[in-house]
Amino acid sequence: MNVQKIRNGLVIDHIRAGTGPRIFNWLKLDRAPFSVALIMNVPSGQLGKKDIIKIDNVIDIDYSVLGFIDPNITVNVVEDEHVSRKITLNLPERVENVIRCRNPRCITSAEPGIPHVFRLVDRKRAEYSCEYCDELYRAGIGEFL
Ligand code: CTP
Ligand code: ZN
């Protein structure tokens, strides 16, 4: 499938197939006044299939949250139609208000307004634990806020 090159902006590449729409919504690109493209199930040597998001505008992205969603993503910064920088991501040590603790006995379930903080405990297994009750959460699957 052919999608035009962008002029100035970001190409979010190597997204795990199927995750593109969630990132698209998280970045609120459905309301963008500039050109955006969500391309799904593109054949890729590395992953078999991947999703790509092209954004013809320079926008702010929280790279630690994006790395939590999918650490294998590459963000290409495009300036004057050329890739000027490739940003690689990784799993952040800590995420706040990105996922919710599912333990009904956790203080974050009982009291609203307490930030949901998770810390990386096993990078290989992409495992995070709740700061308050140690409930485990695997990154890359399931929902985020
Ligand atoms: N791209 C784009 N518009 C541009 C330049 C690049 O949409 N003006 C897109 C390309 O289509 C590609 C991505 O940005 O999807 C990365 O471009 P490039 O670095 O040229 O491709 P690769 O070398 O294949 O990237 P990688 O090695 O990271 O897979
Ligand atoms: Zn908890």
Side-chain angles (χ1 to χ4, degrees), residues 1-24 26-30 32-61 63-122 125-145:
M1 184 185 298
N2 266 333
V3 175
Q4 260 177 293
K5 291 194 170 299
I6 64 167
R7 275 177 173 286
N8 287 292
L10 302 171
V11 177
I12 307 176
D13 196 2
H14 306 133
I15 304 170
R16 187 189 314 109
T19 308
R22 285 160 61 199
I23 295 173
F24 196 87
W26 170 62
L27 293 173
K28 299 184 168 61
L29 294 176
D30 53 327
F34 38 83
S35 301
V36 294
L38 166 60
I39 317 154
M40 295 181 66
N41 300 318
V42 179
S44 157
Q46 254 179 342
L47 305 162
K49 275 185 197 173
K50 64 176 181 180
D51 294 349
I52 304 173
I53 294 172
K54 297 193 181 200
I55 307 164
D56 208 351
N57 190 47
V58 182
I59 61 164
D60 271 336
I61 293 183
Y63 288 113
S64 91
V65 177
L66 192 58
F68 177 79
I69 297 169
D70 184 351
N72 297 313
I73 283 172
T74 310
V75 180
N76 298 276
V77 180
V78 175
E79 289 175 290
D80 292 326
E81 289 196 7
H82 296 285
V83 175
S84 64
R85 206 149 54 93
K86 279 182 184 284
I87 300 168
T88 54
L89 303 182
N90 44 51
L91 289 172
E93 290 293 333
R94 178 183 185 276
V95 284
E96 182 170 328
N97 293 333
V98 177
I99 46 172
R100 241 181 245 284
C101 184
R102 283 170 300 211
N103 174 6
R105 288 181 303 278
C106 181
I107 186 162
T108 57
S109 306
E111 289 195 36
I114 293 187
H116 291 244
V117 177
F118 279 76
R119 288 181 194 281
L120 183 61
V121 288
D122 189 330
R125 299 167 59 146
E127 232 165 39
Y128 283 78
S129 81
C130 173
E131 178 164 83
Y132 309 99
C133 74
D134 295 337
E135 174 93 350
L136 290 178
Y137 182 99
R138 192 94 180 265
I141 50 167
E143 290 307 300
F144 50 89
L145 303 185

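Order of listing sets the numbers, starting from 1, for every ligand and every atom in it.
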Novice: Which atoms of ligand 1 sit under 4.0 Å from any heavy atom of Glu81?
Specialist: 4 (C), 5 (C), 8 (N)
Novice: May I ask you to check whether Cys101 brings an N, O or S atom to under 2.8 Å from the Zn ion (ligand 2)?
Specialist: yes
Novice: May I ask you to check if ligand 1 and Gln4 share an N or O to N or O distance below 3.5 Å?
Specialist: no
Novice: For atom 29 (O) of ligand 1, what's the nearest protein heavy-atom neighbour? Residue, atom name and distance, please.
Specialist: His14 NE2, 3.0 Å
Novice: Would you check the N or O atoms of His82, main chain and side chain alike, for any that come under 3.5 Å of an N or O of ligand 1?
Specialist: no
Novice: Could you check which of Val42, Asn2, Ile6 puts a non-hydrogen atom nearest to atom 3 (N) of ligand 1?
Specialist: Ile6
Novice: Heavy atoms, side chains only, cut-off 4.5 Å: are Asn103 and Tyr132 in contact?
Specialist: no
Novice: For ligand 1, which is the ligand I care about here, please tell me if Lys5 has any N or O atom under 3.5 Å from one of the ligand's N or O atoms.
Specialist: no
Novice: With a 4.5 Å limit on heavy-atom distance, are the side chains of Ile52 and Val3 in contact?
Specialist: no
Novice: What angle, in degrees and rounded to 10°, do you get at the Zn ion (ligand 2) when you join it to SG of Cys133 and to SG of Cys106?
Specialist: 110°
Novice: Decide yes or no for Thr108 and Cys133: does some side-chain heavy atom of the first lie under 4.5 Å from some side-chain heavy atom of the second?
Specialist: no
Novice: Which atoms of ligand 1 are found less than 4.0 Å from any heavy atom of Asn76?
Specialist: 13 (C), 16 (C), 19 (O)
Novice: For atom 7 (O) of ligand 1, find the nearest protein heavy atom and state the residue, atom name and distance (0.1 Å precision).
Specialist: Lys54 NZ, 2.7 Å
Novice: Would the Phe118 and Phe68 ring centres measure less than 6.0 Å apart?
Specialist: no
Novice: Just need the protein heavy atom nearest to atom 1 (N) of ligand 1, so name the residue and atom and give the distance.
Specialist: Val11 CG2, 3.9 Å
Novice: Would you kindly specify which portion of Arg7 sits under 4.0 Å from ligand 1, judged on non-hydrogen atoms: side chain, backbone, both or neither?
Specialist: neither
Novice: Quick check: closest heavy atoms across Val11 and Ile6, and the distance to 0.1 Å?
Specialist: CG2-CD1, 3.8 Å
Novice: In terms of residue, atom name and distance, what is the protein heavy atom nearest to atom 17 (O) of ligand 1?
Specialist: Val83 CG2, 3.7 Å
Novice: With the threshold set strictly below 4.0 angstrom, can you tell me whether any protein non-hydrogen atom sits that near atom 24 (O) of ligand 1?
Specialist: no
Novice: I want to check something: taking the side chain as every heavy atom from C-beta on, are Asp13 and Lys50 in contact at a cut-off of under 4.5 Å?
Specialist: yes
Novice: Any side-chain heavy-atom pair from Ile61 and Trp26 closer than 4.5 angstrom?
Specialist: yes
Novice: Could you tell me the residue and atom name of the protein heavy atom closest to atom 15 (O) of ligand 1, and the distance to it rounded to 0.1 Å?
Specialist: Asp13 OD2, 4.0 Å
Novice: Within a distance under 4.0 Å of any heavy atom of Val78, pick out the atoms of ligand 1 and give their elements.
Specialist: 4 (C), 8 (N)
Novice: I need the minimum non-hydrogen distance between Ile15 and Gly20, along with the two atoms involved.
Specialist: CG2-N, 3.7 Å
Novice: Just wondering, do Leu10 and Val77 contact through their side chains at under 4.5 Å, heavy atoms?
Specialist: yes
Novice: Could you check whether atom CD of Glu81 has more than 12 heavy atoms from other residues, nucleotides or ligands sitting under 6.0 Å from it?
Specialist: yes
Novice: Would you say the side chain of Ile12 lies within less than 4.5 Å of the side chain of Leu27, judging by non-hydrogen atoms?
Specialist: yes
Novice: Which protein non-hydrogen atom lies closest to atom 22 (P) of ligand 1, naming both residue and atom, and how far is it?
Specialist: Lys86 NZ, 4.2 Å
